[in-house]
Amino acid sequence: EEAALAQMLAAYRGVWVFVEQTEGEPAKVSWELMGVGAQLARDIGTELCAIVIGHGVEHLCREAFSYGATKAYLMDQDVFRFYRTEPYLDACCHLIDKYKPEIILMGATGMGRDLAGAVATRVKTGLTADCTGLDVDDKRNLRQTRPAFGGNIMATIMCDKFRPQMATVRPHVMPMPERMEGATGAIVREQITLNEADILTKVIEIIRDTKVGVDIAGAEFIVSGGRGLMGPENFAMLQELADELGGVVGASRSAVDAGWMPHDRQVGQTGKTVRPKIYIACGISGAIQHLVGMQDSDVVIAINRDKEAPIFQVATYGIVGDLFKIVPAITSQLRELKASKRKG
Amino acid sequence: MLVISCIKQVPDTTQVKIDPVTNTLVREGIPFIVNPYDTHALEEGLNLKDRYGLRSVAISMGPPNTEATLRKACALGVDEAILLSDRAFGGADTLSTSNVLSAAIEKLGAEEAVGIVFCGKQTIDGDTAQVGPGIATRLGYTQLTLVDRIEFLDLKRNVIRVRRKLEGRHEIVEAPLPVVITVVRELNRPRYPTVPMRLAAQETEVKVWDNSVLKLDVETVGLKGSPTWVSKIFSPERDKGEIIGDGVGDPEGTANLLIDKLLSKDLLAV
Ligand SMILES: Cc1cc2nc3c(=O)[nH]c(=O)nc-3n(C[C@H](O)[C@H](O)[C@H](O)COP(=O)(O)OP(=O)(O)OC[C@H]3O[C@@H](n4cnc5c(N)ncnc54)[C@H](O)[C@@H]3O)c2cc1C
Ligand SMILES: Cc1cc2nc3c(=O)[nH]c(=O)nc-3n(C[C@H](O)[C@H](O)[C@H](O)COP(=O)(O)OP(=O)(O)OC[C@H]3O[C@@H](n4cnc5c(N)ncnc54)[C@H](O)[C@@H]3O)c2cc1C
C-alpha cells in the first residue's frame, strides 16, 4: 500500500498557478501567487507553470513568464470567453489528468474560490482555503498555514496522501514578485471539445462597478479610523494626513457599521486584506477580525488612548494618547517638512 | 419542488481561544449560533416557499446538539428539518462534508424534485467557502456563487436568473434548475421567529439521518474521507511593538519622534 502511495505521489510534478482574468485583464493576485509558487518550485526542484484559460488570452502567458513561470498551459477557446464554472472546471480537469501537477495555487477571489472548490471536488483531492503561509516539508508535502475561526487561531493543514495539493490565497497576502521584462517560456496549447450549446449557464451581463471606489487594497499608505473617531465628520482629519502621505483612508467595521465610511473602505475579515508600507490605525481597538486584515503591513502605527488596546500588540510604533491631538500634529509636521524641503 | 437550505452550527468565533498548555481549541462553554450567512440561505428558502409554494427543507450535518440549530429553522417556518449525524461523519473536511450533504439532497430528490439548494457564502469557523461548490460538483447542478439578488425564477421554463457580486463587478447569470446558490448578506434580511412559531417548533420533529439511512462508504465520510488534516493549531504570533514618546503629555513631540523614526527608515517620500 505504501509503495502504491509513493508511486502515485511521484507521478505528480510541478507547481501550477491559475491565471485569473476577466475579459483579458489579469487579476493581480495571480502574479502574487507566481512569487510564492516560484519559491516552492525552487524548494522541491520542479517547474513553475501558469494555467491560462480564456479567449484571446495568449498575452497572459508572456505576462506569466515575466513573473517567473517557465511554462504556460494555454486553453484559448470561444467557450472560455466568460468565466463559468462548467467549462473552466472541464478545462482544469483536462490539464490535471494529462499533466499531473503536485501543487495548484489559485487566488481566493470570487472566481478562484468558485473554481477551486469545484476542481478539488471533481479530482477528489484536498483544498486549503485562504492560506497565509506556504512552504514544503522534507517529503515535498505542502505545509499550508491559514487563519480560521475568524483569525483567532492559525492552523497548518496537510494533504500528504492526495495529489494535487490545492490551496487558495487571498489578494495582497503574498508580496508581488519583481517583473522580469522579456523573460520567456514554453507555451503548451490544449483544447477540449466543448461547444457553447453544451453549456447551460449563460452570462447575460457583466456590470463593472462604476462608482470608482478607492482601492484600499492596493494602497501603499493607509490611515484608518475606528469608533474612536466619534463621527463621520472627523474622517476629514484622517483624509488630510492620507493626502500628505499620498495614501487613502480606511476604516474598522464599527466605523462602517455606524455609516461613517462606505463598506469598500473596511479592513478586516469581512472587509479587505491590506498590505501597505504604512498602516496607521487611529481609534481602533485591534479586534482580531480587524488585525487579520492588516497585520502584514510593513509598518503599523497605532494611535489609541487606551494603552491596553490590543492594536498595540501588532504596532511597530504605538502612540498612547488622544488621536484628535496627535493626528493633526503629524499632518502639520509633515507639511512643514515638505515645505522646508521645497525651499531647499 | 424542493428548496433546500444548508445550515451549519458554528461557535461564536469571538469567543474561541486556544488552550496554551494543550494547544487545542477550548470548546467548553462556547455559545453556538447559526452561521450568519446561513440565516440568509434560510431566509431565501422561506421567501421562495412564500412566493412560489415550494417546499422548504433545512439540513445540517453535525453532532446531536445541532438539533438546536435546526429547531431555530423550524421556528422560522421550514417544512422539514433534517439532522445528518453519525459518529462516522465527524472530523470532516470540506470534501467529505459535501459528500454527506449531497447524499442527503439526493435522497430528498428521489421523492420530490430539487429546484434550488441554498448555502451561505462561507462559515465563520472553517471559513473556506468550499462546501457549496463541492455540493454542486457532486450533484452535477449548476453552481451560482456569491449571489446578492435573484432577478427572477421562472418555474414554467425552469430557469433562474441571479446577480453575482464579485470584485469590482456584478454579473447577471442565468441557468436551468436545479442549481446550488451561495448567498451573501445583501440578498435579504432574515426574518425573526414569532413567539407562537417558536413554541410550535419545540414540538416539531427534527429528523435524524445517520449513515444507516445515507449508506455512504465509510471511507468517504468524516475524517477518513478527508484528504486534508490539521497538523498543527496555534495562536497567531505577534511581535509586540514599541510605545514611543509621551502621547498624552507631549503630542507634538511624539508626532515629531514618529516622523524621525519613519524618515530614518526611509519610509516617507519627503
Ligand atoms: C464575524 C465578524 C467579522 C468581523 N469583521 C470585521 C472586519 O472585517 N473588520 C473590522 O474592523 N472588524 C470586524 N469585526 C468587528 C470587530 O470584532 C470589532 O468589533 C471592531 O473591529 C471594532 O472596531 P473599532 O476598533 O473601531 O471599535 P472599538 O473596539 O470600540 O475601539 C475604539 C477604540 O478607539 C479608542 N479611542 C476612543 N477615543 C479615542 C481618542 N480620542 N483617541 C485615541 N483613541 C481613542 C478606544 O480606546 C478604543 O480602543 C467583525 C466581527 C465579527 C463577529
Ligand atoms: C482550523 C480548521 C481549519 C480548516 N481548514 C480547512 C481547509 O482549509 N480545507 C478543508 O477542506 N477543510 C478545512 N477545515 C474543515 C472544515 O471547516 C469542515 O469541513 C466543515 O465541515 C466545512 O467547511 P466550512 O466550515 O469551511 O464551510 P464553508 O465551505 O465555508 O461553508 C459554506 C456553506 O456550506 C454549508 N455548510 C457547510 N458545512 C455545513 C454543514 N456541516 N451542514 C450544513 N451545511 C453546511 C453552509 O451553507 C455554509 O454557509 C478546517 C477545520 C478547522 C478546524
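Letters A, B, ... are given to chains in the order of the sequence lines, protein chains preceding strands, and every chain is numbered from 1. What you see is a predicted model; the values in this text were computed from it and never measured.
For the set B:I172, B:N99, B:T137, the entry with the most heavy-atom pairs within less than 4.5 Å of chain A is B:I172. Across B:H170, B:R185, B:R163, B:E252, the residue that shares the most heavy-atom pairs under 4.5 angstrom with chain A is B:H170. Ranked by heavy-atom pairs under 4.5 Å with chain B, the first of A:S332, A:G117, A:G110, A:G321 is A:G110. Between chain B and the options A:P328, A:A108, A:A116, A:A129, heavy-atom pairs under 4.5 Å are most frequent for A:A129. Comparing B:T254, B:T123, B:I244, B:I124 by how many heavy-atom pairs each has under 4.5 Å with chain A, the most go to B:I244. Between chain A and the residues B:G249, B:S231, B:A175, the largest count of heavy-atom pairs under 4.5 Å involves B:S231. Ranked by heavy-atom pairs under 4.5 Å with chain B, the first of A:L245, A:T168, A:T22, A:V203 is A:T22. Between chain B and the residues A:T145, A:D130, A:D322, A:I319, the largest count of heavy-atom pairs under 4.5 Å involves A:I319.
At a threshold of 4.5 Å between non-hydrogen side-chain atoms, the residues A:R113 and B:T145 do not count as touching. B:V230 places none of its side-chain heavy atoms less than 4.5 Å from the side chain of A:T156. Inter-residue side-chain proximity for B:W229 and A:D160 is flagged as met; some heavy-atom pair is nearer than 4.5 Å. Put simply, the side chain of B:L166 does not reach to within 4.5 Å of the side chain of A:I206, judged on heavy atoms. In this structure the side chain of B:L267 reaches within 4.5 angstrom of the side chain of A:I278, judged on heavy atoms. Residues A:I204 and B:R161 are in side-chain contact: their nearest non-hydrogen atoms beyond the backbone lie under 4.5 Å apart. Side-chain contact between A:T316 and B:E242 is absent, with no heavy atoms from C-beta onward closer than 4.5 Å.
In this structure, chain B has a heavy atom under 4.5 Å from the side chain of A:F162, while its backbone stays farther away. Using a 4.5 Å cut-off between heavy atoms, A:V299 contacts chain B through its side chain alone, with no backbone atom that close. Contacts between A:Q269 and chain B at a heavy-atom distance below 4.5 Å involve the side chain alone, from C-beta outward. When heavy atoms are compared at a cutoff of 4.5 Å, A:T132 does not approach chain B at all. Contact annotation for A:I303: neither backbone nor side-chain heavy atoms come within less than 4.5 Å of a heavy atom of chain B. Neither the backbone nor the side chain of A:T331 comes within contact range of chain B, judged by heavy atoms closer than 4.5 Å. The part of A:T85 that comes within reach of chain B is its side chain, from C-beta onward, which places non-hydrogen atoms under 4.5 angstrom from that chain. Of the atoms belonging to A:K307, not a single heavy atom falls under 4.5 Å from chain B. Within the 4.5 angstrom heavy-atom criterion, no atom of A:F82 approaches chain B. Contacts of B:L146 with chain A are made by side-chain atoms alone, with heavy-atom separations under 4.5 Å and no backbone atom involved. Within the 4.5 angstrom heavy-atom criterion, atoms from both the backbone and the side chain of B:I243 approach chain A. With a threshold of 4.5 angstrom between heavy atoms, B:L257 does not approach chain A through any atom at all. Proximity to chain B is limited to the side chain of A:L89, based on heavy atoms less than 4.5 angstrom apart. Of the two parts of B:L95, only the side chain, counted from C-beta on, holds a non-hydrogen atom closer than 4.5 Å to a non-hydrogen atom of chain A. With a threshold of 4.5 angstrom between heavy atoms, B:K265 approaches chain A through side-chain atoms but not through N, CA, C or O. In this structure, chain B has heavy atoms under 4.5 Å from both the backbone and the side chain of A:K202. Both the backbone and the side chain of A:L127 come within contact range of chain B, each with at least one heavy atom under 4.5 Å from a heavy atom of that chain. Only the side chain of B:Q122 comes within contact range of chain A, with at least one heavy atom under 4.5 Å from a heavy atom of that chain.
Between the CZ atom in A:R84 and the CG atom in B:L144 there is a gap of 12.0 Å [rounded to 0.5 Å]. If you take OG on B:S226 and NZ on A:K161, they are separated by 12.5 Å, rounding to the nearest 0.5 Å. One distance of note links CE of A:M158 with NZ of B:K232; it measures 11.0 Å at 0.5 Å rounding. Distance CG/B:D250 to NZ/A:K325: 11.5 Å, rounded to 0.5 Å. One distance of note links CG of A:D209 with CD of B:E167; it measures 10.0 Å at 0.5 Å rounding.
Annotation for B:D217: atom CG counts as buried by contact number, over 12 foreign heavy atoms lying within 6.0 Å.
Considering all non-hydrogen atoms of both residues, A:A329 and B:A255 come closest at CB-CB, 3.8 Å. Across all non-hydrogen atoms, the minimal contact from B:S235 to A:M154 is C-CG, 4.5 Å. The heavy-atom pair separating A:L200 from B:P176 by the smallest distance is O-CD, 3.5 Å. Here the shortest heavy-atom pairing between B:P133 and A:A118 reads CB-N, 3.8 Å. Across every non-hydrogen atom of A:I330 and B:L258, the tightest pair is CD1-CD2, 3.7 Å. Between B:N256 and A:Q333, the shortest heavy-atom contact is CA-OE1, 3.0 Å.
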Subject >> From CA spacing to verdict: side-chain contact (heavy atoms from CB on, under 4.5 Å), B:T228, A:T128 >> reply: CA-CA 8 Å; B:T228 67; A:T128 305; 4.2 Å; yes

**OP:** Check the pair A:R146 / B:T128 against side-chain contact (heavy atoms from CB on, under 4.5 Å), numbers first and verdict last.
**Re:** CA-CA 10 Å; A:R146 62 171 301 236; B:T128 65; 3.7 Å; yes

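A salt bridge links B:R164 with A:D114: at least one charged nitrogen is closer than 4.0 Å to a carboxylate oxygen.
No donor-acceptor distance shorter than 3.5 angstrom exists from the side chain of A:E205 to the backbone of B:E171, with no hydrogens or angles considered.
The closest side-chain donor-acceptor pair between B:Q143 and A:E86, if any, does not fall under 3.5 angstrom.
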